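Report on the structure given below.
What you see below is based on every heavy atom in this structure, not just the backbone, and it leaves out hydrogens, waters and symmetry mates. No experiment lies behind these values; they were computed from the predicted model shown.
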Amino acid sequence: MPTQTTQTLTASSADLARAADLLAQGESVAFPTETVYGLGGDARSGPAVARVYEAKGRPAFNPLIAHVPDIETAQRLVMWSHMADRLALAFWPGPLTLVLPLREGHGIAPLVTAGLDTLAVRVPAHPTARALLRAFGGPLAAPSANPSGRISPTTAAHVLAELGGRISAVIDDGACDVGLESTIVGLADDTPRLLRPGGLPAEPIEAALGQELVRHHVSDTLNAPGQLLSHYAPKATLRLNGEEARTDEVLLGFGEVYGDLNLSRNGDLTEAAANLFGHLHELDLTGRPIAVAPIPDHGLGAAINDRLRRAAAPRDS
Ligand code: TXA
Ligand code: MG
């Protein structure tokens with residue numbers, strides 16, 4: 001139930017100062033990143049983080065990513081390693097999250113990690129996210145700015161449609177370039193693990209590490225505790241690998257499988273990733289079941305298929 005007025009702010013420095021003020025008061029503010037819109041709260045404040053969980057209706061065992069402006073800030077929060085250094089130098093700022101052991105004196109509210117002794121950290125590339133982090137001057141816990149279990153938002157309009165009235169403000173700075181959440185790599189022990197495929201394909205990460213990432217099955221909730229199977233779900237049912245629409249269905253196309261909307265007519269996976277959540281939102285508004293064309297499983301296709309499998313997974317009620 002909406003209980004407050006959600007302000008729409010711009011990326012001007014005056015508005016970012018306003019957003020930083022709200023965050024300092026413990027309020028939740030949605031902001032753009034290069035991947036998806038995040039719902040930010042002060043990661044050092046239990047009540048502020050609780051407000052983020054509350055707005056999302058998120059199960060409390062699902063830990064959040066701490067967003068920081070640079071490597072040095074990340075190093076104050078977690079125990080850094082050689083592998084972390086390689087990946088951060090190669091891919092930060094950018095759509096990569098690293099999970100590392102918490103460092104003593106980290107100051108992060110336990111609600112952020114849902115009681116784990118590791119922390120997910122990332123340095124976003126979006127200039128507005130970076131400007132906000134600088135204006136705020138602290139780490140921001142920021143899950144995707146959607147109600148728990150729903151499609152991630154790639155525009156401020158998506159955020160307002162589902163969280164309007166439940167958060168203090170949204171910074172509107174257009175559509176997100178990548179359109180998929182960050183790739184999460186676990187570096188808590190000697191074995192680098194792909195905890196969530198995402199906006200940075202696994203192949204370049206493995207090239208930078210000089211070794212393969214250990215992959216986990218999509219239903220393995222043990223190592224990525226927040227990876228609920230039915231997640232990113234539209235309201236409609238979803239059918240994968242549809243070559244054509246059956247009765248009643250709307251078809252989300254890819255390449256030559258044309259569809260009512262097409263993720264990328266040229267079969268370009270980067271374009272498809274950027275369009276994925278926006279197109280799902282749009283088709284969901286028709287109220288009809290959605291069929292999705294087959295997507296190749298390499299590069300960003302692996303992350304797109306991961307999201308689609310979750311969206312198609314059986315859910316309660
Ligand atoms: O691109 C992104 O990562 C976006 C933008 C806003 O930065 N954020 C995002 O956050 O996708 P969220 O909360 O929707 O997803 C965070 C994921 C969850 O699946 C959670 O389980 C995992 O990160 N995670 C967080 N902390 C973890 C930890 N300590 N160990 C393992 N997984 C963790
Ligand atoms: Mg999410």
Side-chain angles (χ1 to χ4, degrees), residues 30-39 55-58 65 95 97 122 124-126 128-129 142-164 167 170-184 196-201 218 226-240 242 250-254 259-265 268-293 295 299-313 315:
F31 62 96
T33 81
E34 70 280 18
T35 58
V36 299
Y37 273 71
L39 181 60
K56 282 183 64 82
R58 161 171 274 199
I65 299 171
T97 294
R122 113 171 172 91
H126 195 294
T128 300
S144 50
N146 51 280
S148 190
R150 302 271 299 133
I151 305 167
S152 293
T154 52
T155 65
H158 293 155
V159 176
L160 283 168
E162 300 203 311
L163 291 180
I167 61 177
V170 55
I171 300 168
D172 184 353
D173 196 16
C176 305
D177 284 343
V178 178
L180 280 178
E181 298 88 343
S182 61
T183 300
I184 306 182
R196 176 177 74 180
L200 180 68
V218 73
Q227 294 285 60
L228 306 176
L229 186 55
S230 171
H231 204 154
Y232 311 102
K235 288 181 180 129
T237 62
L238 202 89
R239 181 170 69 84
L240 305 185
V250 283
L251 178 62
L252 179 57
F254 177 80
D260 298 275
L261 285 178
N262 194 297
L263 289 171
S264 167
R265 287 184 209 171
D268 175 351
L269 290 167
T270 305
E271 185 186 7
N275 284 330
L276 179 67
F277 292 127
H279 283 9
L280 281 175
H281 271 285
E282 203 171 323
L283 291 178
D284 206 20
L285 292 176
T286 66
R288 290 159 59 186
I290 303 170
V292 188
I295 314 287
L300 281 179
I304 295 173
N305 283 321
D306 171 78
R307 301 302 184 278
L308 287 171
R309 276 192 300 270
R310 287 170 201 285
R315 29 197 137 114

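The main-chain N or O of Gly198 is never found under 3.5 Å from a side-chain atom of Asp306 such that the two would form a donor-acceptor pair. A distance-only check finds no donor-acceptor pair linking the side chain of Lys56 to the backbone of Leu163 [under 3.5 Å]. Looking only at distances, a side-chain donor or acceptor of Asp172 sits under 3.5 Å from a matching main-chain atom of Gly174. Side-chain atoms of Asn275 do not come within 3.5 Å of backbone N or O of Ser264 as any donor-acceptor pair.
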Assess whether side chain to side chain contact (heavy atoms under 4.5 Å, CB included) is satisfied between Arg150 and Asp284, documenting all intermediate values.
CA-CA 11 Å; Arg150 302 271 299 133; Asp284 206 20; 3.8 Å; yes
Go through Asp260 and Arg288 one step at a time and tell me if the salt bridge (charged side-chain N to carboxylate O under 4.0 Å, His left out) criterion holds.
CA-CA 12 Å; Asp260 298 275; Arg288 290 159 59 186; 5.6 Å; no
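Here the NE2-CZ distance, from His126 to Phe31, works out to 10.5 Å after rounding to the nearest 0.5 Å. Here CG of Leu252 is found 7.5 Å from CG of Leu308. Values are rounded to the nearest 0.5 Å. Summarising the geometry, atom CD belonging to Glu271 is positioned 12.0 Å from atom CG belonging to Leu300; distances are rounded to the nearest 0.5 Å. Remark: Leu200 CG to Leu180 CG distance equals 11.0 Å, nearest 0.5 Å. Distance CG/Leu276 to CD1/Ile151: 8.5 Å, rounded to 0.5 Å. Between atom CG of residue Leu280 and atom NE2 of residue His158 there is a gap of 9.5 Å, rounded to the nearest 0.5 Å.
Phe254 and Leu263 get closest at one heavy-atom pair: CD1-CB, 4.1 Å. Considering all non-hydrogen atoms of both residues, Gly57 and Ser148 come closest at O-CB, 3.3 Å. Ser144 and Val36 get closest at one heavy-atom pair: CB-CG2, 3.9 Å. The shortest non-hydrogen separation linking Asp177 to Ala274 is O-CB, 3.2 Å. Minimum interatomic distance between Tyr37 and Ile171 (heavy atoms only, all atoms of both residues): CE2-O, 3.2 Å. Annotation for Ala30 and Leu39: closest pair N-CD1, 3.8 Å, computed over non-hydrogen atoms.
No hydrogens or angles considered: nothing links the side chains of Thr97 and Arg196 as a donor-acceptor pair under 3.5 Å. Side-chain contact check for Thr35 and Ser182: no donor-acceptor pair (N or O, by modelled atom type) lies under 3.5 Å. A side-chain donor from one of Glu181 and Ser152 sits under 3.5 Å from a side-chain acceptor of the other.
The closest side-chain heavy-atom distance from Glu34 to Pro95 is below 4.5 Å.
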